[in-house]
Amino acid sequence: MTQTPRNQSKKKAESENTPGPVAVLRSAREQLAELTGLTAESVSSFERTDDGWDLAVEVLELARVPDTMSLLATYAVTLDPHGELTGYKRVRRYERGRADPSRPGG
């Protein structure tokens, strides 16, 4: 099935108005930091969805000395297709130097 020139130009216009992954990740970190007042250190996962984007953002919640004792948190962040933050929630809190416990079979 071939697309008509009108359909092709509509798709091109939509893709030009939609930010790419790098722009979305940068924007999400900035927006989350502005809303929470916390430092977003990294994005550990992201996925484009039908409704926009889902991200897991690692945030420094409490700096301690030594740094390996600092408290970090993982926030689940949702964004619309244009990269605007629509919601977030903390899903995990942990010390920087600690690994997740081993799971059976993994």
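As the structure is a computational prediction, the values presented were derived from the model and not from experiment.
- Ionic pairing of Glu41 and Arg29 is not present here: no N-O contact between side-chain nitrogen and carboxylate oxygen is shorter than 4.0 angstrom.
- Both Val57 and Leu35 are part of a single hydrophobic cluster, where members link through side-chain heavy atoms under 4.5 Å apart.
- Cluster membership for Leu72 and Val43, using ILVMFWY side-chain heavy atoms within less than 4.5 angstrom, is not shared.
- Between Ser70 and Ala63 the shortest heavy-atom distance is OG-CA, 3.6 Å.
- Under the 4.5 Å side-chain heavy-atom criterion for grouping Ile, Leu, Val, Met, Phe, Trp and Tyr, Phe46 is connected to Leu79 within one hydrophobic cluster.
- Heavy atoms from other residues, nucleotides or ligands lying under 6.0 Å from CD of Glu95 number more than 12.
- Across all their heavy atoms, Leu85 and Ala28 have their closest contact at CD1-O, 4.4 Å.
- Looking at Asp54 and Val77, their side chains never come closer than 4.5 Å, going by heavy atoms from C-beta outward.
- Between Leu38 and Tyr75, the closest side-chain pair of non-hydrogen atoms falls below 4.5 Å.
- Note: the hydrophobic cluster containing Tyr88 does not contain Leu71 (ILVMFWY, side chain heavy atoms under 4.5 Å, direct or indirect links).
- Interatomic distance, CZ of Arg48 versus CG of Leu55, reported as 11.5 Å (0.5 Å rounding).
- Expressed to the nearest 0.5 Å, how far CZ of Arg90 lies from OG1 of Thr36 amounts to 11.0 Å.
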Let's go through Val59 and Leu32 carefully: what are the C-alpha distance in whole Å and the side-chain angles of both, what is the deciding distance for side chain to side chain contact (heavy atoms under 4.5 Å, CB included) to 0.1 Å, and is it a yes or a no? CA-CA 9 Å; Val59 173; Leu32 185 62; 3.8 Å; yes
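- Considering every non-hydrogen atom in both Pro81 and Thr18, the closest pair reads O-CG2, 3.5 Å.
- Contact annotation: the side chain of Glu58 approaches that of Tyr94 to within less than 4.5 Å [non-hydrogen atoms, C-beta and beyond].
- Of all heavy-atom pairs spanning Pro19 and His82, the tightest one is CG-O, 3.4 Å.
- More than 12 heavy atoms of other shown residues, nucleotides or ligands fall within 6.0 angstrom of atom CZ in Arg92.
- Looking at heavy atoms from C-beta onward, Arg96 lies out of side-chain contact with Arg64 at the 4.5 angstrom threshold.
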